[in-house]
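Below: the structure, in structure tokens.
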Amino acid sequence: MLSLLPEILLRKKMEIVLKEKIKEAVKIIYNSEVKDDLIQIQETRKDFKGDFTLVVFPLLRFSKNTPEKTGEMIGQYLKDNFDAISGFNVIKGFLNLEVSDAWWVDFFGKLSLEKNHLESCLVSDPETILVEYSSPNTNKPLHLGHIRNNLLGYSLYRILSGVGHKVIKTNIVNDRGIHICKSMLAWQKFGNGETPESSGMKGDHLVGKYYVLFEKNYKIQVEKLIGEGMAEEEAKNAAPLMRETRDMLLKWEAGDNEVVSLWKTMNSWVYAGFDETYRKLGVDFDKIYYESDTYKVGKEIVLKALKENILYRNEDSSIWADLTPEGLDQKLLLRSDGTAVYMTQDLGTAVDRHKEYNFDKNIYVVGNEQNYHFQVLKALLRMMGYQWSDGLIHFSYGMVELPEGRMKSREGTIVDADDLIKEMQMTAMEVSLELGKLSDFSEDEKHEIFRKIGMGALKYYILKVDPKKNMTFNPAESIDFNGNTGPFIQYTYTRIKSVFRKAEQMGINVDNALYEGAQTGQKEIELIKLMRNFSETVTTAALGYSPALIANYCYELAREYNQFYHDFSILGESDEQVRNFRITLSKVTSEILYTGMWLLGIEMPERM
RNA sequence: GGUUCCGUAGCUCAGUUGGAUAGAGCAACAGCCUUCUAAGCUGUGGGUCGCGCGUUCGAGCCGCGCCGGAAUCACCA
């Protein structure tokens, strides 16, 4: 259980103190001891007057009175005995408590002094957490699905390290296996020595081209065999290309020079391509694992478990686990020809990692299509006696679909990551140029801004959705920069920055704007209330692995600020105290927006 | 068929220990720039929260049963 540090207590203080006061009230008025969980305090809904609301229904057993009367009694007690409460009203069974403006302003004063708004979110018991994300295959370029994966993984890293954990970003590269051999074989057969240099193609795209070429020719062979009267399953196995691929995999595992050399060359092309895409996405890794290393560890583990009779060998000498006692199925761990499967290497990777980092948690950012795989992985490790398998967490996120349905390589509907990134930045450029606010910037500066806006739009669009859910990626909608979007939040931020530039011109010191005794309005209080929720949102996001909570929070704060900005003049305010108060309000808003977006891996431009 | 997940406005999504009259954005329509950035703000319309039963003072949220959809159950990864 998470214990609260003093910083978060500050933010939660009102609820905690209120609870104590209400317990006191019930004790004095009704002579009863109340348990904590019967005192339900929530923020008052906007359509009612008040700041905090006590749900009185659970207390009726003590008052033996109507909800209205009970609310009245407790409300009156609080008003009389608690300075911060300036008034109350009772509607049905809800006691709405009004907190004095002075309390809010005082709270905001403390908030504005925080150097880093994440301090209030720090956990008291930091853990060592590995976050594995991206996990590409080296036979194809990255696509939209990988983008969601990378953005979620990276944001998770920011959030978890932001609240104080020691986080290691890892990537496991799927650089071996039958699928890799397919591209290699196709290149050997049809490539005529083509390289990224000779073709001018990005390496990962070039290799992907040969993978597609393989599938195309393989399909023709299979159809031909079926036409000759062979059953489909048999034809798939008997097709010459498939046999050659399997041979190649055997040679690879045996360390055949020619095959290994080709493999190294083609992989290096792919890595160069991936590095470029990662750089554009703004993600990176502390440690990269290669399955070409870990599958060996996996094999050893499997063979050891076989000796211990945890696994069994089939007649054809393939090795299996019987997971039926766990409610799962039989699982193959080594093929009859002795080669490893996906699960084998994942076993090896997990054991390797635990040896190296002794992690508390190992979070796998992997799509929900692999839910079963991770259920099996955990069960296997448990079976084999690895206690730490409890720390394996499958961060299972939903698929990205297009308005017309799933992406299908067959139908050419795969959204390529590089294309998409480029398109978003182009759109940002078009919109910016049309609005024409950046005419005094150099070309380089402008492009840096377009990049931030384009990526901000893309990242926010994807991260605002609950990771667990499948999402629809609507291209037309994703390039809309109005409403609940990344650019909307960036825009709010740049507006504040713009105010500060103006303030500077006017000779006003933004960092030290004193506002003692400033009169506040309802809108200002609303903003303070929202800002108060930041640390709790981040904490919940960290515990629930949900960047979406932070995204939606940022949106809400930006929307609230924009209303404030629209309704009130900041620098034009004649009362200096009020003006300074609004300046500080703007400053803290910009800080929180910046930090929130930072947790999502989204950069903020200073102007747009 | 087994397992897991999902179903909220025309569309995309919020709605976290069960709480008041279920919220945003997009799209449509009507307004607001001599003012700190209109990528903004305001307003209007739009809902049997898939259906039914149950638990509860109270259910979008919890339980059971249906209906609809997705994923998975490979000697693929």
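So you know, we letter chains A, B, ... as the sequences are listed, proteins then strands, and number each from 1. Keep in mind that this is a model prediction, so the values were computed, not measured. All values below come from the heavy atoms of this structure, side chains included, with hydrogens, waters and symmetry mates left out.
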Requested in this report: Would you please confirm or rule out a distance under 4.0 Å between OP1 or OP2 of B:G19 and any side-chain N or O of A:Lys92?
Outcome: no
Report task. Quote, to the nearest angstrom, the P distance that separates B:G43 from B:G23. Result -> 14 Å
Requested in this report: Answer yes if the side chains of A:Thr245 and A:Tyr218 hold a donor-acceptor pair under 3.5 Å, and no otherwise.
Outcome: no
Query raised in the report: Under the ring-ring contact (aromatic ring centres under 6.0 Å, His included) test, which residues partner A:His146, sequence neighbours left out?
Result: A:His143
Query - Qualifying salt bridge (Lys or Arg N to Asp or Glu O under 4.0 Å) pairs with a residue from residues 469-489 of chain A, counting only residues at least two apart or across chains - result: none
Requested in this report: Would you tell me whether A:Tyr460 and A:Asn484 have side-chain atoms, one donor and one acceptor, within less than 3.5 Å of each other?
Outcome: yes
Query raised in the report: Can a side chain N or O of A:Lys469 be found less than 4.0 Å away from OP1 or OP2 on B:G7?
Result: yes
Query raised in the report: Do you see a donor-acceptor pair shorter than 3.5 Å between the side chains of A:Thr472 and A:Asn474?
Result: no
Requested in this report: Describe the nucleic acid contact of A:Thr53 in one word from base, sugar-phosphate, nothing, applying a heavy-atom distance below 4.0 Å.
Outcome: base
Requested in this report: Kindly write out the residues that satisfy side chain to side chain donor-acceptor pair (under 3.5 Å) with A:Glu98, not counting sequence neighbours, or none if the list is empty.
Outcome: A:Asn89
Report task. Assign A:Leu549 to base, sugar-phosphate, or nothing according to its heavy-atom contacts below 4.0 angstrom with the strands shown. Result -> base
Requested in this report: Using only side-chain N and O atoms of A:Arg45, determine if any of them is under 4.0 Å from OP1 or OP2 of B:G15.
Outcome: no
Query raised in the report: For nucleotides 56-61 of chain B, read 5' to 3', which letter fits each nucleotide if B means a protein heavy atom sits under 4.0 Å from the base, S means only the sugar-phosphate is that close, and - means neither?
Result: -B----
Query - For A:Tyr211, all residues meeting ring-ring contact (aromatic ring centres under 6.0 Å, His included), sequence neighbours excluded - result: none
Query raised in the report: How far does the P atom of B:U4 sit from the matching atom of B:C64, given to the nearest Å?
Result: 11 Å
Tabulated below should be each protein N or O lying under 3.5 Å from an N or O of nucleotides 67-73 of chain B; please produce it.
from: B:A71; atom 1: OP1; to: A:Arg406; atom 2: NH1; distance (Å): 3.0
from: B:C73; atom 1: O2'; to: A:Asp329; atom 2: OD2; distance (Å): 2.4

Query raised in the report: Quantified in whole Å, what is the C1' atom distance between nucleotide B:A77 and nucleotide B:G68?
Result: 30 Å
Report task. For A:Asn474, report the nucleic acid contact type (base, sugar-phosphate, nothing); a contact means any heavy atom under 4.0 Å. Result -> nothing
Query raised in the report: A:Asp466 near the nucleic acid: base, sugar-phosphate alone, or nothing, with a heavy-atom cut-off under 4.0 Å?
Result: sugar-phosphate
Report task. Considering only NZ, NE, NH1 and NH2 on the basic side and carboxylate oxygens on the acidic side, decide whether A:Glu232 and A:Lys236 come within less than 4.0 Å. Result -> yes
Query raised in the report: Do any of residues 59-67 of chain A sit with a heavy atom less than 4.0 Å from RNA chain B, and if so which?
Result: none
**Report entry** Whole-angstrom distance between B:C41 and B:A22, as gauged at atom C1'
**Finding:** 25 Å
Query raised in the report: Going by the salt bridge (Lys or Arg N to Asp or Glu O under 4.0 Å) test, which pairs reach into residues 564-574 of chain A, not counting sequence neighbours?
Result: A:Glu573-A:Arg582
Report task. Mind checking ring-ring contact (aromatic ring centres under 6.0 Å, His included) for A:Phe450 and listing every partner two or more places apart, or none if nothing turns up? Result -> A:His447
Query raised in the report: Reading nucleotides 30-40 of chain B 5' to 3', which nucleotides get B (base under 4.0 Å from a protein heavy atom), which S (sugar-phosphate only), which -?
Result: ------BBSBB
Query - Rounded distance in Å between the C1' positions of B:G7 and B:G45 - result: 25 Å
Requested in this report: Determine the contact category for A:Asn96: base if any of its heavy atoms lies under 4.0 Å from a base atom, sugar-phosphate if only primed atoms, P, OP1 or OP2 are that close, otherwise nothing.
Outcome: base
Report task. Quote, to the nearest angstrom, the C1' distance that separates B:U42 from B:G65. Result -> 47 Å
Report task. Please map the stems of RNA chain B, keeping only stretches of three or more Watson-Crick or G-U wobble pairs with both distances under 3.5 angstrom. Result -> B:1-7 with B:67-73, B:10-13 with B:23-26, B:28-32 with B:40-44, B:50-54 with B:62-66
Requested in this report: Have a look at B:C33 and give me syn or anti from its glycosidic angle (syn if within 90° of zero).
Outcome: syn
Query raised in the report: Applying side chain to side chain donor-acceptor pair (under 3.5 Å), which residue pairs with at least one partner in residues 55-68 of chain A are found, sequence neighbours left out?
Result: A:Ser63-A:Thr70
Query raised in the report: If we take the C1' atom in both B:C5 and B:G50, what is their distance in whole Å?
Result: 16 Å
Query raised in the report: Heavy atoms under 4.0 Å, any strand shown: does A:Val341 hit a base, just sugar-phosphate, or nothing?
Result: sugar-phosphate
**Report entry** NZ/NE/NH1/NH2 to OD/OE distance under 4.0 Å, A:Arg451 and A:Glu448
**Finding:** yes
